[in-house]
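The basis for the numbers below is simple: all heavy atoms, side chains too, and nothing from hydrogens, waters or symmetry mates. Every value quoted in this text rests on a predicted model; they were computed, and no experiment measured them. By convention in this document, chain letters (A, B, ...) are assigned in the order of the sequence lines, proteins followed by strands, and residues within each chain are numbered from 1.
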Amino acid sequence: MNICVFLSAADLDDRYTGPARDFARLLGKGGHTLVWGGSDVGLMKVVADGVEEAGGRLLGVSVEFLAAKARAGVDEMVVAKDLAMGVPPRL
Amino acid sequence: MDDEGFLPRPLTDLVFFAEEPVGALACLEESLGVE
């Protein structure tokens, strides 16, 4: 199953990173795919790290003006030309 | 939101608030069996 997350880019307290990491590991162990904006900061990095460690797939959906900041070494990174709604990529 | 007529259905139908991470994933996996 593809599971999409929207999370804070800030470096947060254990109160947030703990459950995020636990969720990520369950996601990975369950053989699911993490779908997110592809960024490598804050809670998104915590979750991406956790999914990767637990053997899950990483599928980032980014945009050209942010592509340089996207996480490296993911299974798939879709980079949209811009934010305009067109034909959505088939995931 | 409810007062402003923003919710077409009750909030609890639209959003699942998980107490623990395992609950969130369980909800997602269960939803696979629902049409």
| query | Does Asp75(A) CG have over 12 foreign heavy atoms under 6.0 Å away? | reply | yes

CG/Asp2(B): more than 12 non-hydrogen atoms of other groups inside 6.0 Å: no

Kindly work out whether a path of hydrophobic side-chain contacts (I/L/V/M/F/W/Y, heavy atoms less than 4.5 Å apart) joins [X] to [Y].
| X | Y | value |
| --- | --- | --- |
| Phe16(B) | Val5(A) | no |
| Val61(A) | Phe6(A) | no |
| Leu26(A) | Met1(A) | yes |
| Leu34(A) | Val63(A) | no |
| Leu7(A) | Val15(B) | no |

Among residues 14-25 of chain A, those lying within the under-4.5 Å heavy-atom range of chain B are Pro19(A), Asp22(A), Phe23(A)

Under 4.5 Å to a heavy atom of chain A? For Glu20(B) that would be neither

### Min side-chain heavy-atom separation Leu27(A)-Leu28(B) under 4.5 Å
no

